[in-house]
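In what follows, every chain begins at residue 1, and chains take the letters A, B, ... in the order their sequences are listed.
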Amino acid sequence: MIENLVIVESPAKAKTIEKFLGKDFRVVSSFGHIRDLAKKNLGIDVEKNFTPNYEIPKEKAKVVSELRKAAAESKHVWIASDEDREGEAIAWHLVNVLKLDLDSTKRIVFHEITKEAITAAIENPRLVDMNLVNSQQARRILDRLVGFEISPVLWKKVQPSLSAGRVQSVAVRLIVEREREIISFKSESSFRITAGFLTEKGSDTTLLLRSEASKRFQGENEALEFLEVCSKSDYSVANVTVKPGTRSPAPPFTTSTLQQEAYRKLSFSVAQTMAVAQKLYEAGRITYMRTDSTNLSQLALGKAKEVISSEFGEKYSRTRQFATKTKGAQEAHEAIRPAYLDNPSVAGSLNEKKLYDLIWKRTIASQMADAEIEKTTITIGMNNSPVTFLAVGEVIKFDGFLKVYSESNDADNGDEDKDIIPPVKKGMPLWYENITATQKYSAPPPRYTEASLVKKLEELGIGRPSTYAPTISTIQNRGYVSREDRPGEKRLIKILALQKGKIAATTKTEVAGKEKSKLFPQDIGMIVNDFLTENFIEIVDYNFTAGVEEQFDEIALGNLKWTGMLQEFYAPFHKTVTATLEKKERKTGVRVLGNHPETGEPVTVRMGRFGPVAQVGDTSNEGKPRFASLSKNQLLETITLKEALDLFRLPRSLGEHDGGEMVVGVGKFGPYIRYKSKFYSLKKGIDDPYSVTVERALEIINEKNESDQKKVINDFGDIKLLNGRYGPYLSKDKLNYRLPKGTDAEKLTKEDCIQIIESSDKTKKSS
DNA sequence: CAGTGAGCGAGCTTCCGCTTGACTT
């Protein structure tokens, strides 16, 4: 018999706490929730006041039986799940499942895993808070109602296997609406004037004062006129201002900010960041990685001060506590920080080292002094124009936290080259070295990255630290959005340069619209989004979650009955579901693009059974419609009549050659040439299936055949010895076999090969 | 590996939030 059993959520936490509590305490973990609404059907009796049907999921059976055994062997059970809505519900489910007494089972909470905090918690136990539990039940049931009532409507009205939910549908909506802003965006160009000034006439040794004109010019003619004015002007320093300023460090990491910075500084995907952080947590290197709090424990604050003072000196230390501003934050944990702040680095994989380094620097910097900056602004006046030039420079007087860490910005483009500002005084004459007018195009709003989407969701109070990464996976797995790169397009920019009284015009090319790892909506995502905004606008409203969260808070305070709140929500919601199901039409995203220029048949695009499809003609007048799949990167929403008609030009024949027909088409894996029942891929970015010539086709075919020949080391009929990416291997019946290490492939006989294949088959079967 | 689109229709899909392994390539 054990005296005390303490149940926490995480096994890593259990291990740590057991050390603090001594031998009278055994600490075990529930591994999160142990019960949930029944997986099949709704799992809620709507008629009977939303009575939930809770079940222990199969994968939790083992954990639960172990917990039951441990509870039976202990005199006292303490429940130490996290101090938030979900943690309270876990406590309540544990009381039920372990058949404990709700009115006497001790519930304890702590925000930081230190001996002091845990001892204090043990001394101040309370009971399970049923108001908080009920607010979780309301949250859980509302999410189930929304997801399990709307999704089947999508199966009927749009496509099978689709899904909708309070969180995922808003995430998709954000991406779709951003794309539409980009589609309708009209880029405008203007001319930006930059100049370099000399402090001494005709010298090239004096420092250059780089500056930008206070005005931009719309057209090329206006820019040219201004440069002509410039060529006749005298210049002098009109004003110099020097302003001191400070910069403060960012708060320590939460899940969301860690995901954003790891994306910007380390190019980690959101899921990758969480996987690496999990490893560090399990190894005891960092505190818990799913948190919305920026709080640091007293212990950590003290240690940070010590580390900073000894490493950088006392004047670099400044103890700070950051208030969490995030909407709906529950702050059950500390911020993400190193478990031991005196370890600036850890052992582990390269990615673990990198992420730890980021966390260490961010935490330490958050406890350091402000940086002191001196900002100098120089205004340069002209004697024949009201336009002024501005030169701005910054000098860091005291680096403070910048010694360790500076936060990245989403719009980091790094084109601010920081020059040293030469010493100038008001009234000093200046001479221009060059004045340049450069054409600049206004940019559309940026597409979301995984990390910037998480940031946006957090701002809206939608989703939780434990769900950001899974939500992003879900909307990609459903095919609603896709993470993609785009090469961008070249465009010309005009440049007018004034030097030594002469104006020269040149052009430069720049690449616009280049994208890397951005979230693009897919046709099905846009169709589902439109369907939801037309029929369930209240659910996909950006403020829906914030609204219900307010009510959950009222339930938690005991001011609102949870079943009543659900009734208020469900009655009108369910009515909408029924009404939507009764509507006849399905949503296919159909667009009529026009008529075929020769036959006059209608040309349409829509979502078909196998994806987006273009159709020429219809079944009226006994006609037989023709179909063609849209290609990747084409959207139902933006495809033009001409682009749709082009799809029907494939497959096309290039004619006969040496007794076989060459046919060009576009398949699942891109454009190809089919010749003598073999396939040859066209080169990406070089060949175009619509215009590829006979000569080029033969070249591609020969190239591929030659490299295929080099691939074959030996051909024994049904068994082939081939050269692959990882060296020689065997191929038989479409299966590949590795050669034993140290084998000389050239010397293998057919018998050797048969033996290798047989022995490898055996190991495969036995495993 | 390289393409589908007639119509019928059994049985399946689905939510959010809390936690980690146990699987295979």
By the 4.0 Å heavy-atom rule, please label A:Arg144 as base, sugar-phosphate, or nothing. base

Looking across every strand, which nucleic acid part, if any, lies under 4.0 Å from A:Val146 by heavy atom: base, sugar-phosphate, or nothing? nothing

Just to be sure I understand the rule, does A:Gly87 reach a base, reach only the sugar-phosphate, or reach nothing, if contact means heavy atoms closer than 4.0 Å? nothing

Any A:Arg626 side-chain N or O less than 4.0 Å from OP1/OP2 of B:dT4: no

A:Ile701 CD1 to B:dA2 P: how many Å, rounded? 18 Å

Distance check needed: B:dA22 P versus A:Glu282 CD, whole Å only. 11 Å

Please determine if a side-chain N or O atom of A:Tyr468 lies less than 4.0 Å away from the OP1 or OP2 oxygen of B:dC18. no

Within the structure shown, what part of the strands sits under 4.0 Å from A:Gly32 by heavy-atom distance: base, sugar-phosphate, or nothing? base

Show me the dot-bracket string of DNA chain B, counting Watson-Crick or G-U pairs under 3.5 Å, with | for pairs to another strand and [ ] for crossing ones. .........................

From the list B:dA6, B:dG17, B:dT20, which nucleotide is the closest neighbour of the side chain of A:Met289? B:dT20

Check A:His93, A:Glu9, A:Glu86, A:Lys60 against A:His33 for a side-chain hydrogen bond (donor to acceptor under 3.5 Å, both in side chains) and give me the one that passes. A:Glu86

Protein-nucleotide distance (A:His33, atom NE2; B:dC16, atom C1'), rounded to Å: 9 Å

Check whether any side-chain N or O of A:Arg609 sits under 4.0 Å from OP1 or OP2 of B:dG3, and answer yes or no. no

How would you label the contact of A:Ser30 with the nucleic acid (heavy atoms, under 4.0 Å): base, sugar-phosphate, or nothing? nothing

Counting side-chain heavy atoms from CB outward, which of B:dT13, B:dC15, B:dG3 is closest to A:Tyr672? B:dG3

Could you check whether A:Arg85 pairs with A:Glu549 (Lys NZ or Arg NE/NH1/NH2 to Asp/Glu carboxylate O, under 4.0 Å)? yes

Indicate, with a heavy-atom threshold strictly under 4.0 Å, whether A:Thr474 touches base, sugar-phosphate, or nothing. sugar-phosphate

Look at A:Ser151 and B:dC15 and indicate whether a side-chain polar atom (N or O) is within less than 4.0 Å of OP1 or OP2. no

Determine whether the aromatic ring centres of residues A:Phe648 and A:Phe627 are separated by less than 6.0 angstrom. no

Tell me whether the side-chain N/O atoms of A:Gln278 come closer than 4.0 Å to OP1 or OP2 in B:dT20. yes

Tell me what A:Ala164 touches on the nucleic acid: a base, only sugar-phosphate, or nothing, going by heavy atoms under 4.0 Å. sugar-phosphate

Between the side-chain atoms of A:Arg140 and the base atoms of B:dC15, is any donor-acceptor pair under 3.5 Å? yes

Between the base of B:dC16 and the side chain of A:Arg139, is there a donor-acceptor distance below 3.5 Å? yes

Ignoring backbone atoms, test whether A:Tyr288 places a side-chain nitrogen or oxygen under 4.0 Å from the OP1 or OP2 oxygen of B:dT19. yes

Could you check whether A:Arg107 pairs with A:Asp129 (Lys NZ or Arg NE/NH1/NH2 to Asp/Glu carboxylate O, under 4.0 Å)? no

OP1, OP2 of B:dC18 versus side-chain N and O of A:Arg35: anything below 4.0 Å? no

Rounded interatomic separation in angstrom, taking CG from A:Leu42 and C1' from B:dT14: 11 Å

Please report, rounded to the nearest Å, how far the P atom of B:dT19 is from the CG atom of A:Asp82. 6 Å

If only side-chain N and O atoms of A:Gln168 are considered, is one of them under 4.0 Å from the OP1 or OP2 phosphate oxygen of B:dC15? yes

Against the side chain of A:Arg166, the closest entry in B:dC15, B:dG17, B:dT13 is B:dG17

Any donor-acceptor pair, under 3.5 Å, between the side chain of A:Ser163 and the base of B:dT14, if you only look at N and O atoms? no

Atom CZ of A:Phe573 and atom C1' of B:dC15 are separated, to the nearest Å, by 10 Å

Quick check: A:Tyr281 with A:Tyr288 (ring centres under 6.0 Å apart)? yes

Closest-nucleotide ordering on DNA chain B, the 5'-leading residue of A:Gly147 and A:Glu9: A:Gly147

Within the structure, does a side-chain N or O atom of A:Arg85 lie under 4.0 Å from either OP1 or OP2 of B:dG17? no

So if I take every side-chain heavy atom of A:Ser629 and compare against B:dT14, B:dC18, B:dG5, which nucleotide ends up nearest? B:dG5

In whole Å, I'd like the distance from the CZ atom of A:Phe679 to the C1' atom of B:dG3. 10 Å

Applying the 5.5 Å / 30° rule, does A:Phe148 stack onto the base of B:dT14? yes

Measure the distance from NZ on A:Lys156 to C1' on B:dG11 and round it to the nearest whole Å. 14 Å

salt_bridge(A:Glu661, A:Arg652) N-O dist < 4.0 Å: no

Does a side-chain N-to-carboxylate-O contact under 4.0 Å join A:Glu534 and A:Lys587? yes

Nearest-0.5 Å distance, OG of residue A:Ser10 to CZ of residue A:Arg290: 8.0 Å

Looking at A:Ser10, does any N or O in its side chain come under 4.0 Å of the phosphate oxygens OP1/OP2 on B:dT19? no

Under 4.5 Å between any side-chain heavy atoms of A:Glu703 and A:Lys683, yes or no? yes

Under 3.5 Å, is there any donor-acceptor pair linking the side chain of A:Ser681 to the base of B:dA2? yes

Indicate, with a heavy-atom threshold strictly under 4.0 Å, whether A:Leu37 touches base, sugar-phosphate, or nothing. nothing

Taking side chain as C-beta onward, heavy atoms only, is A:Phe110 less than 4.5 Å from A:Glu83? no

Within the structure shown, what part of the strands sits under 4.0 Å from A:Tyr281 by heavy-atom distance: base, sugar-phosphate, or nothing? sugar-phosphate

Closer than 4.0 angstrom, basic N to acidic O: yes or no for A:Asp82 and A:Lys13? yes

From the list B:dT19, B:dG17, B:dT14, which nucleotide is the closest neighbour of the side chain of A:Pro152? B:dT14

Would you check if A:Phe31 stacks with the base of B:dC18, given a 5.5 Å centroid limit and a 30° plane limit, both strict? no

